[in-house]
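Given the structure is predicted, the values throughout are model-derived calculations rather than measurements.
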Amino acid sequence: MTTKEQIEHLRSELHRHNYKYYVLNDPEITDFEFDCIMRKLQELEAKHPEYYDSMSPTMRVGSDLSNEFVQVMHKYPMLSLGNTYSFDEVKDFYGRIQRALGGEQFELCCEIKYDGVSISLTYEEGRLVRAVTRGDGVQGDDVTANVKTINSIPLVLHGEGFPREFEIRGEILMPWEQFDRLNREREAQEEALFANPRNAASGTLKLQNSTVVASRKLDAYLYYMLGNTLPDVGHYECLQQAAKWGFKVSPAMRKCSTLDEVFEYINYWDTERKNLPVATDGIVIKVNSLSQQRMLGYTAKVPRWAIAYKFQAEKAVTRLNEITYQVGRTGAVTPVANFEPVQLSGTMVKRATLHNADFMENLDLHIGDMVFVEKGGEIIPKITAVDLTARSFMMGEKVRFITRCPECGTLLMRVEGEAAIFCPNDATCPPQIKGRIEHFISRKAMNIDGLGAETVDLLYSVGLIHNAADLYNLRIPDICRLERMGFRSAENIIRSIEHSRTVPFERVLFAIGIRFVGETVAKKLARAFETMERIENATFDELTAVDEIGEKIAQSILHFFANEECRTLVNRLKNAGLQMQIIVDDSIKYTDKLIGKNIVISGVFAQHSRNEYKAMIEQHGGTNVSSISSKTSFVLAGRDMGPAKLEKAQKLGIRIVDEDTFLKMLE
């Protein structure tokens, strides 16, 4: 066998094993054996670049290159489906089909409606050539590089009989298991959590780094074929054939001849979907015959031959067992309801935040109450109400907010005008200390890799660290001797700690954890005062003279630096070599042209990236905000501005500024 034949054979084997593992869930070989084949192919391809193939299984690992997405016109518009929420509306849909077809017999294909990101895949000669998001239905983003990292999407089809060119559409999903893992990682880094798997999948697919996309292990189900020479005259039959070529098609598809069969299907999956590994939000009902679909046609927005039945938000009733309390890094104490485990949105849940004392009081909770729990698109389940009809004279005592910190016993306090009740013992309360360290090492602060909540807890429990400054006294032998920590892990941590000394001053200021001083405020303080020493010695009037620094933030900064332990911490960090003054780039000219302006960015831009525009806004004194409100000064809008944002801006009378106008404002 020649080298070229050997490479092609290995590629073919890996494509086949990918299909067996990710689509059929029927692996023939172990992960180790798969990795060995992959490694062998990587070695051969490295030695023989003349046999490069963009569809090789080795290309799924992703790339570190960062490029703007290209807009691609859809050959066939990607329309939405009309939604129904009751059996009566499904019955009406069925009646419309009957009347439109003039009594002609028809079959319906029922499918699970996966809650992910719509994608259009184009194949030519059995090879994936393009992957495009829905976008506005007429054009979308070319995300081919990212889609190549999804193992359940074939790069090269197997079998025979597929058209020379065709399009297949589907849904890209983040499985519940991966979603929970990703949110745990983000929570440990104090990053905003994804609201649901759909948002997580959408955010992942739009990342500019396909290596990160690959690490998040997205999945996909394909549900519709388009083209001039499809393999069959029926929608269901086309997809069964597509499954033989390597596509992951839902095994739950079913052809129905009557309304009763449709209702039976809906009722079954309304319950059974809770056991699926991915998020779903309804059932799609389509006329199966492709010729009948063409006959029925489309309205301006939706096909007449298909409809989506949407499930209600998942709810459950369960017994409240106890209330526990969590203390955050700022000292805020949050009540948490602990109840009998129930399954919601594919996961078993047994806890729900009660937010604050007022929220808890309004529910009038008693231990033993039967409570209604929902997880309709939320990250954390929530208790929405109490089933008062289930309450009896044997019910436990009324739940009242605690008066002392559950961790250190300090008497709790409540600041007038604030909802939170907090522990004022920020010096020795363990969760506050560990929380501040976790904030310090987070990605948007000092970005110290290898340290998560568990490692911080371990280092704190054995007495190696008591605050963030102690991190810079750690040595490899200190870490190596700890449980589950080896030399390589210790080396990575120490290397990352050393690298953090180069982190810019504004992020150091954010990292030290002054209450109410977030990323944006830290940047404004850094630019206004330039050094930590000047901020430390600033007066109330000097602080409030800075744009967006109000009385509350100013008082918090003064309180922080009035604390001897806080000043000691800052001095130790300074002695450890951290950046304590802003480094001025003379090539960047800061102005006040956008001072006091709250600006929302939306759409796709031609001359600069969104991040570049965000930097320009800050450079000229403006503030980037994510959502439109009455306080928004204007919207910097590119092509394909989000329709919801456009509607809200028009409703509130917010000015829309295009790219050219904005750049002229800065001249």
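Just one of Asn338, Leu365, Val373, Leu363 meets the side chain to side chain contact (heavy atoms under 4.5 Å, CB included) condition when paired with Leu320; it is Leu365. With Leu525 as reference, Val517 is the one residue of Val517, Ile582, Thr520, Ile514 to meet the side chain to side chain contact (heavy atoms under 4.5 Å, CB included) rule.
Atom CD of Glu177 sits in a sparse spot, with 12 or fewer heavy atoms from other residues, nucleotides or ligands closer than 6.0 Å. Residue Lys593 places its NZ atom among more than 12 non-hydrogen atoms of other residues, nucleotides or ligands, all under 6.0 Å distant. The environment of Lys350 atom NZ is sparse: at most 12 non-hydrogen atoms of other residues, nucleotides or ligands sit within 6.0 angstrom. Atom CD of Glu322 has more than 12 heavy atoms from other residues, nucleotides or ligands within 6.0 Å.
In summary, Lys664 and Glu667 do not engage in a salt bridge, as defined by a charged side-chain N under 4.0 Å from a carboxylate O. The existence of a salt bridge linking Asp358 and Arg414 is confirmed by a sub-4.0 Å separation between a basic side-chain nitrogen and an acidic carboxylate oxygen. Between Arg319 and Asp369 there is no salt bridge, since none of the side-chain N atoms of the basic residue sits less than 4.0 Å from a carboxylate O of the acidic one. Note on Asp449 versus Arg495: no salt bridge recorded, every NZ/NE/NH1/NH2 to OD/OE distance being 4.0 Å or above. Under the 4.0 Å criterion applied to side-chain N and carboxylate O atoms, Lys523 and Glu618 are assigned as salt-bridge partners. Ion pairing of Glu498 with Arg501 is present here, as a side-chain N (NZ or NE/NH1/NH2) and a carboxylate O approach within less than 4.0 Å. With respect to the salt-bridge test (charged N to carboxylate O, under 4.0 angstrom), the residues Glu185 and Arg443 do not qualify.
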Between Val386 and Met370, does the side chain to side chain contact (heavy atoms under 4.5 Å, CB included) criterion hold? Intermediate values first, please. CA-CA 6 Å; Val386 175; Met370 298 303 292; over 6 Å; no
Show your working on side chain to side chain contact (heavy atoms under 4.5 Å, CB included) between Glu506 and Leu509 and close with a plain yes or no. CA-CA 5 Å; Glu506 57 267 30; Leu509 184 58; 5.5 Å; no
Pair Ser489, Asn492 - check side chain to side chain donor-acceptor pair (under 3.5 Å), show working. CA-CA 5 Å; Ser489 296; Asn492 288 338; 5.7 Å; no
Under the salt bridge (Lys or Arg N to Asp or Glu O under 4.0 Å) criterion, do Asp592 and Lys597 qualify, and how do the steps go? CA-CA 10 Å; Asp592 59 359; Lys597 303 289 187 185; over 6 Å; no
Let's go through Asn571 and Thr568 carefully: what are the C-alpha distance in whole Å and the side-chain angles of both, what is the deciding distance for side chain to side chain donor-acceptor pair (under 3.5 Å) to 0.1 Å, and is it a yes or a no? CA-CA 5 Å; Asn571 286 332; Thr568 300; 5.7 Å; no
Verdict with reasoning, Phe372 to Lys315, per side chain to side chain contact (heavy atoms under 4.5 Å, CB included): CA-CA 7 Å; Phe372 294 95; Lys315 302 177 183 178; 5.8 Å; no
Candidate pair Arg572 and Glu565, rule salt bridge (Lys or Arg N to Asp or Glu O under 4.0 Å), full reasoning: CA-CA 10 Å; Arg572 288 186 60 198; Glu565 290 191 9; over 6 Å; no
After noting the C-alpha distance and the side-chain angles of Phe440 and Leu471, does the key distance pass the side chain to side chain contact (heavy atoms under 4.5 Å, CB included) rule? CA-CA 10 Å; Phe440 183 86; Leu471 293 169; 3.9 Å; yes
Could you go through Arg488 and Glu491, starting from their C-alpha distance and side-chain angles, then the distance that decides it, and tell me whether this counts as salt bridge (Lys or Arg N to Asp or Glu O under 4.0 Å)? CA-CA 5 Å; Arg488 182 170 294 179; Glu491 189 178 42; 5.9 Å; no
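For the atom pair Gln579 CD and Thr531 OG1, the distance stands at 13.0 Å (nearest 0.5 Å). Distance check, rounded to the nearest 0.5 Å: CZ of Arg198 to CZ of Phe179 gives 10.5 Å. Within the model, atoms OH of Tyr472 and CG of Leu573 stand 6.5 Å from one another, a figure rounded to the nearest 0.5 Å. With rounding to the nearest 0.5 Å, the separation of CD1 in Ile421 from OG1 in Thr403 is 9.5 Å. The CG atom of Asn473 sits 10.0 Å away from the CG atom of Leu464 when rounded to the nearest 0.5 Å. Here the straight-line distance linking atom CD1 of Ile601 with atom CG of Asn624 works out to 5.0 Å at 0.5 Å rounding.
By the 6.0 Å and 45° rule, Arg515 stacks over the aromatic ring of Phe422. A cation-pi geometry, defined here as NZ or CZ lying under 6.0 Å from the six-membered ring centre and within 45° of its normal, does not hold between Lys444 and Phe510.
Between Thr204 and Val213 the shortest heavy-atom distance is O-CG2, 3.3 Å. For Ile628 against Ala649, the heavy-atom pair with the smallest separation is CD1-CB, 3.9 Å. Scanning all heavy atoms of the two residues, the minimum distance from Leu482 to Asp478 falls at CG-O, 3.6 Å. Across all non-hydrogen atoms, the minimal contact from Gln432 to Thr330 is OE1-C, 3.8 Å. Listed here is the closest heavy atom pair of Phe401 and Tyr325: CA-OH, 3.7 Å. Across every non-hydrogen atom of His366 and Gly396, the tightest pair is CD2-O, 3.4 Å.
Residues Arg329 and Ile433 fail the side-chain proximity criterion, which asks for heavy atoms closer than 4.5 Å. Residues Val570 and Ile512 meet the side-chain proximity criterion, which asks for heavy atoms closer than 4.5 Å. Looking at heavy atoms from C-beta onward, Val333 lies out of side-chain contact with Cys405 at the 4.5 angstrom threshold. The shortest side-chain heavy-atom distance between Ile599 and Val625 does not fall under the 4.5 Å cut-off. Counting heavy atoms from C-beta on, the side chains of Phe561 and Cys566 never come closer than 4.5 Å. Residues Lys382 and Thr353 form no side-chain contact, since every pair of their non-hydrogen atoms from C-beta on lies 4.5 Å or further apart. In this structure the side chain of Cys408 reaches within 4.5 angstrom of the side chain of Cys423, judged on heavy atoms. Inter-residue side-chain proximity for Asn598 and Phe634 is flagged as unmet; no heavy-atom pair is nearer than 4.5 Å.
Here the side chain of Ser442 pairs a donor or acceptor atom with the backbone of His439 at under 3.5 angstrom. In terms of modelled atom types and a separation under 3.5 Å, the side chain of Asp541 and the main chain of Thr544 share no donor-acceptor contact.
A donor-acceptor pair shorter than 3.5 Å can be found between the side chains of Asp658 and Thr661. For the 3.5 Å distance criterion, the side chains of Gln607 and Asp660 qualify, holding a donor opposite an acceptor. Judged by distance alone, the side chains of Glu340 and Asn321 do bring a donor and an acceptor atom under 3.5 Å apart.
For residues 525-556, the set of pairs meeting the ring-ring contact (aromatic ring centres under 6.0 Å, His included) definition, not counting sequence neighbours, is empty.
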